[in-house]
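I have placed the structure first, in the form of structure tokens, so that the comments after it can refer back to it.
Quick caveat: nothing in here was measured; it's all calculated off a predicted structure. Values below: every heavy atom of this structure, side chains too, minus hydrogens, waters and symmetry copies.
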Amino acid sequence: MSRPVPFCWYELMTGDADGAAEFYGAVVGWSFSAPDPQSPIDYRMILRSDGGGNGGVLQLSEAMRQGGAHPAWVPYLAVADIDTALSAVEADGGRTLMPRTDIDEGSFAMVTDPQGVPFYLMQPRPPAKQPGAQSDAFKADGVQHVRWHDLATPDPADAKAFYRRHFGFEFNNVMPMGELGEYAFIDFGAQALGGIMPLVGGRMPGWQVYFGVPSALQARDAIVRAGGTILTEPHQVPGGDWVVIAQDPQGAQFGVVGPRGE
């Protein structure tokens, strides 16, 4: 049995959770759960059509915004021990943005890598009745799952070394991008998870996630109809799939990937 990939959850931070539900429902096919009325924050679950969960939605409060939070997709990376991982990230030039928090599903903390890119550490806790349960939020060929991850960073060499040390990423292949540098593919065992590249085109440093869709062209049209902004028109990528990069109406950047479709 292959090792589960580190990417285990995805969080959308947004200023309008209701608007995001309409947008991603139209584009990806998800639905969002209602917020827990007993919770001090507005947090909703992202639900796929097959009943599985693919992430969460955090409604940003004014205090969060004043603290620097902005609309974005942020991945969770699984670790065996949250405290050990936190200490190791901090010792390696990362920073803790939100300390350890414990919930029924496990323990997590928000950190940055040495280049300031935010992500979450997560020590998952499987349900008692399913001790072997693993996240399926990432699925390389899945519709409504995350299928790919890009990291745009000001220091690709240092970022590769950091993620190799802490998460076991491998970098066995690169794709030249001319004057833009190299795109280094992220491998984990036998699976390709994404790539690391230099900052290009004024993009902010950060992780970008790509959601599986049945048709890239139809998703592109749905993004426009739902009020999103197309940043990169549909184009074919190595392997034959088609990709669209866009921004949702609240300002979070993301990608979709799948067959070209009609």
Side-chain angles (χ1 to χ4, degrees), residues 1-14 16-60 69 71-80 82 98 100-110 118-149 167 188 191 193-194 207-214 219 222 226 248 250 252-258:
M1 185 176 181
S2 62
R3 294 179 296 166
V5 303
F7 290 103
C8 63
W9 195 248
Y10 303 91
E11 182 170 283
L12 171 63
M13 299 192 300
T14 181
D16 182 1
D18 291 332
E22 293 185 13
F23 177 82
Y24 288 101
V27 174
V28 185
W30 292 327
S31 60
F32 290 3
S33 71
D36 181 354
Q38 305 302 317
S39 174
I41 61 172
D42 184 337
Y43 200 87
R44 313 179 189 198
M45 298 300 166
I46 298 172
L47 305 175
R48 302 189 306 264
S49 298
D50 64 6
N54 230 72
V57 181
L58 175 63
Q59 172 76 47
L60 295 174
W73 282 95
V74 185
Y76 283 62
L77 292 167
V79 295
I82 187 72
M98 187 182 75
R100 170 179 174 164
T101 300
D102 300 312
I103 56 175
D104 290 344
E105 293 77 12
S107 302
F108 64 93
M110 180 181 265
F119 65 95
Y120 285 96
L121 296 170
M122 177 78 180
Q123 181 183 335
R125 182 181 299 112
K129 295 182 179 179
Q130 297 176 283
Q134 297 177 358
S135 169
D136 66 351
F138 169 80
K139 189 176 181 181
D141 58 355
V143 172
Q144 296 187 7
H145 297 256
V146 170
R147 288 187 50 182
W148 197 254
H149 317 80
F167 303 104
F188 187 81
Q191 294 203 69
L193 305 183
W207 284 101
Q208 179 168 283
V209 292
Y210 293 75
F211 312 120
V213 294
D248 70 24
Q250 292 75 39
Q253 188 167 314
F254 68 98
V256 294
V257 57

From CD1 (I82) to CG (L121), nearest 0.5 Å: 4.5 Å
message: Test of understanding: with side chain to side chain donor-acceptor pair (under 3.5 Å), list the residues that count as partners of W207, not counting sequence neighbours.
response: Y163
task: Return each pair, listed once, that meets salt bridge (Lys or Arg N to Asp or Glu O under 4.0 Å) where at least one residue sits in residues 135-146; pairs must be two or more places apart or across chains.
output: R48-D136
field: Results of side chain to side chain donor-acceptor pair (under 3.5 Å) for Q253 - residues two or more places apart only
entry: Q208
- line: Interatomic distance, CG@L193 vs CZ@F167, rounded to 0.5 Å, equals 12.5 Å
Only pairs under 3.5 Å count here: list side-chain donor-acceptor contacts from residues 25-33, not counting sequence neighbours, and write none if there are none.
{"from": "W30", "atom 1": "NE1", "to": "Q144", "atom 2": "O", "distance (Å)": "2.9"}
{"from": "S33", "atom 1": "OG", "to": "M45", "atom 2": "N", "distance (Å)": "2.8"}

task: Please identify each residue that fulfils salt bridge (Lys or Arg N to Asp or Glu O under 4.0 Å) with R125, with sequence neighbours left out.
output: none
- prompt: Under 3.5 Å, side chain of N54 to main-chain N/O of A137, donor-acceptor pair present?
  reply: yes
field: Under the ring-ring contact (aromatic ring centres under 6.0 Å, His included) test, residues paired with H149 that sit two or more places apart
entry: F7, Y10, F138
field: Distance, nearest 0.5 Å, that separates CG of L77 from CE of M122
entry: 12.0 Å
- prompt: If you round to the nearest 0.5 Å, how far is CZ of F211 from CD1 of I46?
  reply: 7.0 Å
- prompt: Taking only residues two or more places apart in sequence or in another chain, which ones pass side chain to side chain contact (heavy atoms under 4.5 Å, CB included) with V257?
  reply: R147, Y210, D241, V243
Of all pairs that satisfy salt bridge (Lys or Arg N to Asp or Glu O under 4.0 Å), the ones with a partner from residues 16-28, not counting sequence neighbours: D18-R44
Heavy-atom closest contact (T14 atom, A20 atom, distance): OG1-CB, 4.3 Å
message: If you define the side chain from C-beta out and look only at heavy atoms, does anything of F108 sit under 4.5 Å from Y76?
response: yes
- line: For Y43 and G56, the nearest pair of non-hydrogen atoms, with its separation, is OH-CA, 3.4 Å
- prompt: How many angstroms lie between atom CG of D42 and atom CG of L58, to the nearest 0.5 angstrom?
  reply: 8.0 Å
Rounded distance (nearest 0.5 Å) linking atom OH of Y24 with atom CG of L12: 5.0 Å
- prompt: Which atoms form the tightest heavy-atom contact between G19 and Q250, and what is the distance?
  reply: C-NE2, 3.9 Å
message: Restricting to side chain to side chain contact (heavy atoms under 4.5 Å, CB included), what partner residues turn up for P118, sequence neighbours left out?
response: L97
